[in-house]
> 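Structure in structure tokens, see below.
Heads up: numbering here begins at 1 and tracks the sequence.
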Amino acid sequence: MSKIVDARGLSCPQPVLMTLDAIKSGSDGELEVIVDNMASRENVVRAAESHGWSVFEIKENDDKTQIFIRKG
């Protein structure tokens, strides 16, 4: 099961910092990050990829974006 980072309602850099904290805390290899604005989406994706994680799915909904990332 993946860990969920819910960063809705937060502006950057908070969603990025929350994602990096989850990555560093020894997550089980998969994370779901929920954001509600395009800047946070782009910054979370960029930060995850720069730490060796890859995006394997992005789901866009009316009020949120779910970003699924995994190690490696």
> Please check if Val55 and Phe68 belong to a single hydrophobic cluster, counting links between Ile, Leu, Val, Met, Phe, Trp and Tyr side chain heavy atoms closer than 4.5 Å.
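Hydrophobic grouping puts Val55 apart from Phe68.
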> What are the two closest non-hydrogen atoms of Pro15 and Ala7, and how far apart are they?
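For Pro15 and Ala7, the tightest heavy-atom pair comes out as CB-CB, 3.6 Å.
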> Counting only N and O atoms by type, is there a donor-acceptor contact under 3.5 Å from the side chain of Asp36 to the main-chain atoms of Gly9?
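Side chain of Asp36 to backbone of Gly9, a donor-acceptor pair under 3.5 Å: yes, one is there.
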> What's the separation between atom CZ in Arg41 and atom OG1 in Thr65, rounded to the nearest 0.5 Å?
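Between atom CZ of Arg41 and atom OG1 of Thr65 there are 6.0 Å.
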> Take Ile67 and Glu32 through the test side-chain contact (heavy atoms from CB on, under 4.5 Å) and record every step on the way to the result.
CA-CA 6 Å; Ile67 305 164; Glu32 174 185 348; over 6 Å; no
> Among side-chain atoms of Asn37 and Ser40, is any donor-acceptor pair under 3.5 angstrom?
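There is such a pair between these side chains.
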> With side chains defined as the heavy atoms from C-beta onward, is the minimum distance between Ile4 and Ile34 less than 4.5 Å?
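Yes. Closest side-chain heavy atoms under 4.5 Å.
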> Taking atom CG as the centre, does Asp63 end up with more than 12 heavy-atom neighbours from other residues, nucleotides or ligands that are less than 6.0 angstrom away?
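Atom CG in Asp63 is crowded, with more than 12 foreign heavy atoms closer than 6.0 Å.
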> Out of the candidates Val45, Ile69, Asn43, Val35, only one should pair with Thr19 under the side chain to side chain contact (heavy atoms under 4.5 Å, CB included) rule; please name it.
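Single pass found, and it is Ile69.
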> Looking at Ile23, is its backbone amide N or carbonyl O close enough to the side chain of Asp21 to form a donor-acceptor pair, meaning the two atoms are under 3.5 Å apart?
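Flag not set: sc Asp21 to bb Ile23 has no pair under 3.5 Å.
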> Between Gln66 and Ile58, is a side-chain contact (heavy atoms from CB on, under 4.5 Å) present by the stated rule, with each step listed?
CA-CA 6 Å; Gln66 295 166 277; Ile58 295 178; over 6 Å; no
> If you measure from CH2 on Trp53 to NZ on Lys71, what distance do you get to the nearest 0.5 Å?
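NZ of Lys71 is found 6.0 Å from CH2 of Trp53.
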> Would you compute the distance between atom CZ of Arg70 and atom CD of Glu30 and round it to the nearest 0.5 angstrom?
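Between Arg70 CZ and Glu30 CD, I get 5.0 Å after rounding to 0.5 Å.
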